[in-house]
Structure formats: C-alpha cells, structure tokens
Amino acid sequence: MEENKENKYKIQITADSTIDLTPELYEKYNIKVIPFVVTLGDKTYYDGVDITPQDIFDHVNKTKELPKTGARSPEDLKDFFNSFTDKGYDVIHVGIGSKLSSGYEYAKVVEKENPKVHVVDTTTLSSGSGLIAIYASELVSSGKYSPEQIVDMINKRTPYTQSSFVVEKLNYLYKGGRCSALALFGANLLRIKPTLQLKDGIIVVGKKYIGGLVGALRRYVIDELNTYNNPDHTRIMITYTTATEEMLKVVREELKKYGKFKEIIETKAGSVITSHCGEHTLGILYLNDGDEGHY
C-alpha cells in the first residue's frame, strides 16, 4: 500500500511473523516483519525466512520432539525499530498477544526507551493479529490520524477479534503439554475434533466435533458465524497449517452461503503457529464488531 503523499504523519506498521499474512499482503499493506525464531535440535531458524512448516513435520516425525519457538530479544527489536525511527517514523508494532508470548513484553522494553515506538497488544495470534495489522495500515494510509489516535482506535477493536481453529489431532498439543494423555486417547478413540478459541488473550477449548474433519469444519463455520454474529464484513481470514482441497472447499462453500464478507483471504500459518498445532489445523478469523464506526 503506497503511503499517502499528503499524510503529515510518518508512521510505519511493524509486526512479528506470527501474524501469518502472505508476502503479498505484507507488501500491499506495507507491514514490515521481524521473524520469530524456531529451534530444531541444535539449529535455530527464522520463521518465514529459512524454515517451512514441512520442516517442522519432518523434524517431529523423525525425533518425536516438538520444535522450540521464541520471540526476538529486546536488542533485536531495538535495532529493528530504530531502522524506522532513525528515519523519522513513528512505529506501531502489532504482534502476538501478551499472554501468548514474551514478544509483547520485549517490545514494551524498547517502547520505554524510544518514544516513537508504540506497541499494541492484539490479545490474539495468527491472522487474527494480521487483521489488526491490516486495519492499522488502512488508518495510516488514510492520512487522518496521529500514531496515538491509531493506537487508541486499534485498542478499541482488539477485544472483538474472533480467532479460532479446528484441530484434527491433539498429538502436537499433547507433546507441548497442552492436553493430557487421557484427553489424547479419548479424542483419538472418539474421533473428536476440538475447537481452540482465543478468549481474553488465552487459548481455551471450545466446541468439540465428533466424526470426520470435513464435516467438523462445516459445522464449525456455521457455529462460529451463528455464535459470533456481528462481523465486520470487510474481510475474513481462512488460515491453516495444511489443508486438503476438500477441507478448503467446504469452508469456502459455507462462507459463500453466508455471502456477506466483501473479501475472503486464505493464508497459511507459519512455522511458529504450526509448531503448536500440527497438520490439518484450520480456522476462520474475523473482527466481530460490526460494520460501522471504524474509520
């Protein structure tokens, strides 16, 4: 997205790689990204740079161990932010929620030292945070708002991010200590497909669907839109770690039946999010605060 030439404010939107947008979206909305780190064994990689989700699957299948993921250090973030603030920009940083990673805390360390850095707590992850980053970029491009005004407008919307995913298997969550062996056994035995919901900044288990994944996804999309039924219809995200064409088709069909979203965007989760969810995890993500009063 080109900067408005009449904009009297110089503002750069930044994010960490866990917001799971595509390269095309980062370019379109001029969002600059600092990648999280992913460690496989004794080797460290940068999310979205030199590691792919398939590398994660291969590593887990071979070693039976999950990767380790981590935020960038305050020193790394300081250098990243300074590359913009040294050129006269204010930085608005939009990343993973504060209760989900140390990334927010580390960015706040830099904010205290640099008055031109403004850190937002999205309270969510993946393309739920990505939706907030896109909104921030649109506010910048309008040329109407100061950095402080944009942060205030963002903060008013973050409680309404509707982020959730259906997980095919609990293996990765079990390995990561997020579910018990009994829950894993029961889910596999009954073919349960749980929903992971972001509530008050943390991940909780939502509805559980019994049966095949495709049918579960159909019911999930219907349930989400019926339960959280005040969307901003500007856009909705379909985000997945891996997905068959049949999985994507059923989600697209239900969103087409709903018929109100102006834009449906599909993105693949990066290596950090994939490390915690595993294969065939898919969610729909949107802002559930209506169509009016955002600009």
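In what follows, every heavy atom counts, from backbone to side chain, and hydrogens, waters and symmetry copies are set aside.
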Checklist line | Y145 ring center near Y295 ring center (under 6.0 Å) | finding: no

Notebook entry, point to check: Would T69 and H276 count as having a side-chain donor-acceptor pair, cut-off 3.5 Å?
Noted result: yes

Notebook entry, point to check: Are R157 and D232 close enough for a salt bridge, meaning some N to O gap below 4.0 Å?
Noted result: yes

Margin query: If the threshold is 4.0 Å, N to carboxylate O, is there a salt bridge linking K108 and E111?
Written below: yes

Note to self: If the threshold is 4.0 Å, N to carboxylate O, is there a salt bridge linking D152 and K156?
What the structure shows: yes

Check: Are side-chain N/O atoms of T44 and T39 paired as donor and acceptor at under 3.5 Å?
Finding: yes

Note to self: Under a plain distance cut-off of 3.5 Å, with no hydrogens placed, do T52 and D55 share a side-chain donor-acceptor pair?
What the structure shows: yes

Next item on the list: Using the test ring pair (Phe, Tyr, Trp, His ring centres under 6.0 Å), find all partners of F80 that sit at least two apart in sequence or belong to another chain.
Entry: F84

Next item on the list: Verify, without hydrogens or angle tests, whether K10 (side chain) and K87 (backbone) share a donor-acceptor contact under 3.5 angstrom.
Entry: yes

Notebook entry, point to check: Counting N and O atoms only, with roles assigned by atom type, does the side chain of K268 sit under 3.5 Å from a partner on the main chain of T22, one being a donor and the other an acceptor?
Noted result: no

Notebook entry, point to check: Is the closest side-chain donor-acceptor distance between E224 and Q197 under 3.5 Å?
Noted result: yes

Margin query: What I want to check is whether the side chains of Y220 and S164 have a donor and an acceptor closer together than 3.5 Å.
Written below: yes

Next item on the list: Spell out, yes or no, whether I31 and Y9 are grouped together once hydrophobic residues are joined by side-chain heavy atoms under 4.5 Å, including indirect joins.
Entry: yes

Next item on the list: Return each pair, listed once, that meets salt bridge (Lys or Arg N to Asp or Glu O under 4.0 Å) where at least one residue sits in residues 115-125; pairs must be two or more places apart or across chains.
Entry: D90-K116

Next item on the list: Using modelled atom types only, decide if a donor and an acceptor are shared between the side chain of T241 and the backbone of G278 within a distance under 3.5 Å.
Entry: yes

Note to self: Between L248 and V250, is there shared hydrophobic-cluster membership here, with clusters defined by ILVMFWY side-chain heavy atoms closer than 4.5 Å?
What the structure shows: yes

Item checked: R72 NZ/CZ over Y106 ring centroid, <6.0 Å and within 45° of normal -> no

Check: Do H233 and Y258 have ring centres separated by under 6.0 Å?
Finding: yes

Next item on the list: Could you verify whether a donor N or O on one side chain and an acceptor N or O on the other, from S127 and D20, lie under 3.5 Å apart?
Entry: no

Note to self: Would K193 pass as a cation-pi partner of Y209, given that its NZ or CZ must be under 6.0 Å from the six-membered ring centre and within 45 degrees of the axis?
What the structure shows: no

Margin query: Would you say T124 and S163 are linked by a side-chain donor-acceptor pair, where the criterion is simply a distance under 3.5 Å?
Written below: yes

Next item on the list: Using the side-chain hydrogen bond (donor to acceptor under 3.5 Å, both in side chains) rule, take T267 and T239 through it: C-alpha gap first, then chi angles, then the decisive distance, then the call.
Entry: CA-CA 5 Å; T267 75; T239 299; 2.8 Å; yes

